[in-house]
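Here the structure is a predicted model, which means the values were calculated and not measured. Numbering of ligands and ligand atoms starts at 1, following listing order. All heavy atoms count here, side chains included; hydrogens, waters and symmetry mates do not.
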Amino acid sequence: MIKKRSISSYRWLSEHFRDPYVRKTHQKNLRSRSWFKLHDIDVKYHLFRTGMNVIDLGSSPGGWSEYAIKHVGKTGSVTSCDMNAMNKISGVFFLQGDISKKIIFNALLNHIQYKKINLVMSDMSPKITGISYTDMSNAFDLFNLAFKIAKITLSNKGIFLIKLFHGEEFENYLHNMYDFFNTIRICKPSSSRSRSKEVFLLAKKKKI
Ligand SMILES: C[S@@+](CC[C@H](N)C(=O)[O-])C[C@H]1O[C@@H](n2cnc3c(N)ncnc32)[C@H](O)[C@@H]1O
């Protein structure tokens, strides 16, 4: 049976094929279009230095991890986690599983044990159900989880980068982050689709 496409899926496909970043992703042989978002934020805010230890949450297919390991070099480390599989990236430690599950959460903490973490970044997004209340609530559960991991693992001068969606909980989330960090920037890289509700929060200077 031939399935009919919805208007929104036609619109998505047409946007996708006209998108210059999709073309560039193929030209540069990158794992994901998301690579450009991290690149844009890094160019503006200089996130990476050689030797940094990085946690990448929601890492698959690996665009951000690939970018990170290239910039932290052999003296640094990248620990990545995703519930989906991810093809191997040399130098990156990958943990497959749902980070909301205690066993995966503990495995991640176990792996980084004594490392001073300089950057926690999360590009996690939940599976979209189409029911806006459920999607937002699932997304904010993930944000809270990433924030919890950042609070536990980040060194005093560490940086927390997280993708968030504008919604009812946005202001609350920002407010909670200000309890923990002195500086928070809201970034919308040019590679992030203007129609998308996603923004990135870049938090620095832990309140000690
Ligand atoms: C937008 S993609 C990440 C793209 C990635 N940053 C890149 O550059 O290739 C979002 C990812 O979040 C992951 N994710 C969502 N919920 C998760 C969870 N509870 N635990 C681990 N990963 C999760 C999804 O499996 C998905 O691969």
Side-chain angles (χ1 to χ4, degrees), residues 12 15-16 19 21-22 24-43 47-48 54-72 78-112 119-131 134-150 152-153 159-167 169 173 187-193 195-202:
W12 185 88
E15 258 183 19
H16 182 77
D19 183 338
Y21 290 100
V22 171
K24 284 194 213 170
T25 303
H26 294 301
Q27 279 161 5
K28 284 176 161 280
N29 201 17
L30 300 171
R31 291 178 177 226
S32 68
R33 187 189 179 286
S34 304
W35 183 95
F36 289 100
K37 299 176 197 171
L38 185 61
H39 168 266
D40 289 353
I41 296 170
D42 185 34
V43 166
L47 301 181
F48 290 96
V54 178
I55 294 179
D56 180 12
L57 300 169
S59 58
S60 180
W64 282 24
S65 288
E66 207 167 42
Y67 186 93
I69 195 68
K70 192 173 163 200
H71 287 79
V72 301
V78 178
T79 303
S80 304
C81 174
D82 202 294
M83 46 209 235
N84 292 335
M86 184 169 96
N87 286 340
K88 193 172 167 36
I89 301 174
S90 173
V92 172
F93 176 85
F94 176 64
L95 182 66
Q96 184 175 359
D98 179 344
I99 194 66
S100 68
K101 302 276 184 270
K102 213 171 172 181
I103 188 167
I104 301 298
F105 188 89
N106 287 340
L108 181 90
L109 296 185
N110 225 7
H111 176 73
I112 53 150
L119 170 64
V120 172
M121 50 190 199
S122 170
D123 193 20
M124 287 193 287
S125 324
K127 279 208 179 93
I128 299 301
T129 64
I131 304 160
T134 309
D135 290 339
M136 274 299 174
S137 152
N138 291 343
F140 278 96
D141 286 347
L142 288 180
F143 306 149
N144 284 327
L145 208 54
F147 187 27
K148 185 173 164 189
I149 292 170
I152 296 173
T153 61
I159 303 170
F160 179 40
L161 173 68
I162 180 160
K163 177 173 74 183
L164 268 190
F165 298 96
H166 266 296
E169 291 293 317
Y173 193 79
C187 328
K188 178 80 179 170
S190 49
S191 46
S192 170
R193 292 184 172 109
R195 198 162 59 80
S196 160
K197 283 185 177 169
E198 75 177 9
V199 289
F200 294 83
L201 298 188
L202 179 62

> Hey, which of I149, T153, I152 is the one that makes side chain to side chain contact (heavy atoms under 4.5 Å, CB included) with I112?
Replying inline: T153

> Do S80 and S65 have a side chain donor and acceptor closer than 3.5 Å?
Replying inline: yes

> For the residue pair F48 and Y67, is the inter-centroid distance of their aromatic rings smaller than 6.0 Å?
Replying inline: yes

>> I need the contact residues for ligand 1: any residue with a non-hydrogen atom closer than 4.0 Å to the ligand, ordered by chain then number.
In response: S32, S34, G58, S59, S60, P61, G62, G63, W64, D82, M83, N84, G97, D98, I99, D123, M124, S125, L142, K163

>> Whether the D40 and S191 side chains hold a donor-acceptor pair (N or O, under 3.5 Å, no angle test) is what I'd like checked.
In response: yes

> I69 and I89: which non-hydrogen atoms are nearest, and at how many Å?
Replying inline: CG2-CG2, 4.0 Å

> Would you say the side-chain atoms of S122 and K163 include a donor-acceptor pair closer than 3.5 Å?
Replying inline: no

